[in-house]
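What follows is a single structure, written as structure tokens, with notes after it.
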Amino acid sequence: MTTVLTPESPGSSGAPRGAAPGPTSPATGPGTSRPGAPGSPAGPTSSGTDREVQTLHRSRLSARRRRRNLLWALLLAGPNVLLLLVFVYRPLLQSFYLSTLQWNLGSPVARPVGLGNYVEWFTAPTTGRIVTTTLVFTLATVGGAMVLGLGLALLLNRRLRGRGVARTVAFAPYVLSGFAVGILWLFMFDPRYGLVQELLGWVGVASPQWYTQRPWPLVMIVVVYLWKNLGYVALIYLAGLQSVPQDLKDAAALDGASSARTLRSIVLPLLTPTTFFLVVTMLLASLQSFDIIKAMTQGGPLGSTTTLMYSIYEESFVNGRAGYASAVATVLFLVLLAVTAVQMRFVQRKVHYA
């Protein structure tokens, strides 16, 4: 009679029938529990603890790196920021404050007037003429410099003999002192002995009264300003022309495009970043022009060449009205800020970057 052992029977090992009982496995032996089983101890080298330690270490390194970068930024940019605060922003805020005072230069007493200086400027009978003169001067100088500078740059970009010397000669007036340029052209525009009078006499044209008869004083100022700044505009445009890819122009030539069509359809669109930069810088410089006007006309005759910038000088250092001049300077600052904001907001949208 054969006896069969069942799991409930004594001496049953739970192994398949016919299998010999082997040694206990280390993974399931006595005193050993599976990882994650209830009652198993969490050791210090578990994966979760390692990740937490690494995260904490990385955060400490990142914080240390940020502190080091901040220290270097303060060390390198700190002196420049300090100079801007002391010599730019502090005088700007002080000018805002002075514009609310009725104060004459040299006087120990200043009386607060609020917005009185601004009201006086907006209602003054000369304000309209000054603003008109400023607009005409700015549009003529900026527009003329852009057109003539581009033409000169196209000419200097050609393979011509002596073009290096020509580039130097064209740029040289820009580095000269504006006051010295004004004195030089003051003699050249002399209606009796000047060089301009001689050149006009060769073609049978009488020299106009550049100093006394409107609108010739303003025309004279515009011509001198263009002559001085033309080389700067041409040099910037020349750098932009040399950055235009030659393969695009060669492809246009193979397609039968003329030089004018290539300039209009390829070169000018690729020059829009350069044009945008020049418009911003030249506009700001034109609105702040002073030295040439002071040297040649001193705002005359009868204020026909008085711009906003020159009126600030005249009101503060000639008439001694520092508070009123600060109000005019604040108006000019707001105009410059508005013009720059409009250009950055709308004009920059039409800029094509290669």
Side-chain angles (χ1 to χ4, degrees), residues 134-176 178 181 185 199 218-289 292 335-354:
T134 304
L135 288 177
V136 172
F137 175 79
T138 302
L139 293 177
T141 52
V142 175
M146 300 297 293
V147 174
L148 297 177
L150 178 59
L152 182 59
L154 291 172
L155 179 63
L156 295 177
N157 196 39
R158 296 178 177 272
R159 297 184 179 275
L160 301 175
R161 181 179 299 177
R163 65 176 181 177
V165 177
R167 293 172 181 177
T168 304
V169 171
F171 184 73
Y174 180 73
V175 300
L176 298 178
V181 169
W185 280 88
L199 295 177
L218 185 59
V219 173
M220 177 177 63
I221 295 296
V222 169
V223 169
V224 177
Y225 191 88
L226 287 176
W227 179 82
K228 184 180 186 303
N229 295 277
L230 186 61
Y232 166 76
V233 178
L235 181 67
I236 301 299
Y237 264 134
L238 182 61
L241 288 172
Q242 293 179 350
S243 65
V244 175
Q246 184 63 34
D247 54 352
L248 294 180
K249 296 187 286 187
D250 294 339
L254 290 175
D255 291 338
S258 62
S259 300
R261 179 62 184 274
T262 303
L263 175 65
R264 183 175 65 253
S265 301
I266 296 178
V267 176
L268 290 183
L270 293 178
L271 285 179
T272 49
T274 306
T275 302
F276 176 72
F277 169 78
L278 285 173
V279 168
V280 173
T281 56
M282 290 298 297
L283 191 60
L284 296 180
S286 179
L287 287 172
Q288 300 177 80
S289 59
I292 293 178
V335 169
L336 294 174
L337 185 63
V339 168
T340 305
V342 169
Q343 289 178 329
M344 297 297 292
R345 180 68 176 84
F346 298 103
V347 180
Q348 195 178 18
R349 290 181 177 182
K350 300 182 179 180
V351 175
H352 303 278
Y353 294 97

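For reference, positions follow the sequence shown, starting with 1. Keep in mind the model is a prediction, meaning the values are calculated, not measured.
When the ring-ring contact (aromatic ring centres under 6.0 Å, His included) test is applied to Tyr237, no partner is found at least two apart in sequence or on another chain. The side chain to side chain donor-acceptor pair (under 3.5 Å) test applied to Ser265 returns Arg261, not counting sequence neighbours. A search for side-chain contact (heavy atoms from CB on, under 4.5 Å) contacts involving Val169 returns Val165, not counting sequence neighbours. With sequence neighbours left out, Thr340 forms a side-chain contact (heavy atoms from CB on, under 4.5 Å) with Leu284, Met344. Every residue two or more places apart in sequence or in another chain was checked for a ring-ring contact (aromatic ring centres under 6.0 Å, His included) with Phe277, and none qualifies. For Leu263, the side-chain contact (heavy atoms from CB on, under 4.5 Å) partners are Leu154, Val267, Leu268, not counting sequence neighbours. Take Leu199 and apply the side-chain contact (heavy atoms from CB on, under 4.5 Å) test, not counting sequence neighbours, and it matches Leu195, Trp202.
Across Ala153 and Ala234, no two heavy atoms sit closer than the pair CB-O, 3.5 Å. Between Pro245 and Leu270, the shortest heavy-atom contact is CD-CD1, 4.0 Å. Summarising the geometry of Leu152 relative to Ala170, their closest heavy-atom pair is CD2-CB, 4.0 Å, with the distance given to 0.1 Å. Closest non-hydrogen pair, Ile266 versus Ala252, comes out as CD1-CB, 3.6 Å. Of all heavy-atom pairs spanning Gly149 and Leu230, the tightest one is N-CD1, 3.3 Å.
Expressed to the nearest 0.5 Å, how far CD1 of Ile292 lies from NZ of Lys228 amounts to 6.0 Å. Atom OG1 of residue Thr274 and atom CG of residue Leu241 lie 8.0 Å apart, to the nearest 0.5 angstrom.
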Check your understanding: Step by step, would you call Asn157 with Gln242 a side chain to side chain contact (heavy atoms under 4.5 Å, CB included)?
Key -> CA-CA 8 Å; Asn157 196 39; Gln242 293 179 350; 3.6 Å; yes
Check your understanding: Leu271 and Leu150: side chain to side chain contact (heavy atoms under 4.5 Å, CB included), yes or no, with the steps?
Key -> CA-CA 10 Å; Leu271 285 179; Leu150 178 59; 4.1 Å; yes
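Contact annotation: the side chain of Leu278 approaches that of Tyr232 to within less than 4.5 Å [non-hydrogen atoms, C-beta and beyond]. Proximity of Trp185 to Met220: side-chain heavy atoms (C-beta onward) are nowhere separated by under 4.5 Å.
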Using a 3.5 Å cut-off and no angle test, enumerate the donor-acceptor pairs between side-chain atoms of residues 136-148 and protein atoms at least two apart in sequence or in another chain.
{"unit_1": "Thr138", "atom_1": "OG1", "unit_2": "Thr134", "atom_2": "O", "d": "2.7"}
{"unit_1": "Thr141", "atom_1": "OG1", "unit_2": "Phe137", "atom_2": "O", "d": "2.7"}
{"unit_1": "Thr141", "atom_1": "OG1", "unit_2": "Thr138", "atom_2": "O", "d": "3.1"}
{"unit_1": "Thr141", "atom_1": "OG1", "unit_2": "Ser286", "atom_2": "OG", "d": "2.8"}

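Looking at Ser289, its side chain never comes within 3.5 Å of a backbone N or O of Ala285 through a donor-acceptor pair.
Residue pairs meeting the ring pair (Phe, Tyr, Trp, His ring centres under 6.0 Å) criterion with at least one partner in residues 141-171, sequence neighbours excluded, are Phe171-Tyr174.
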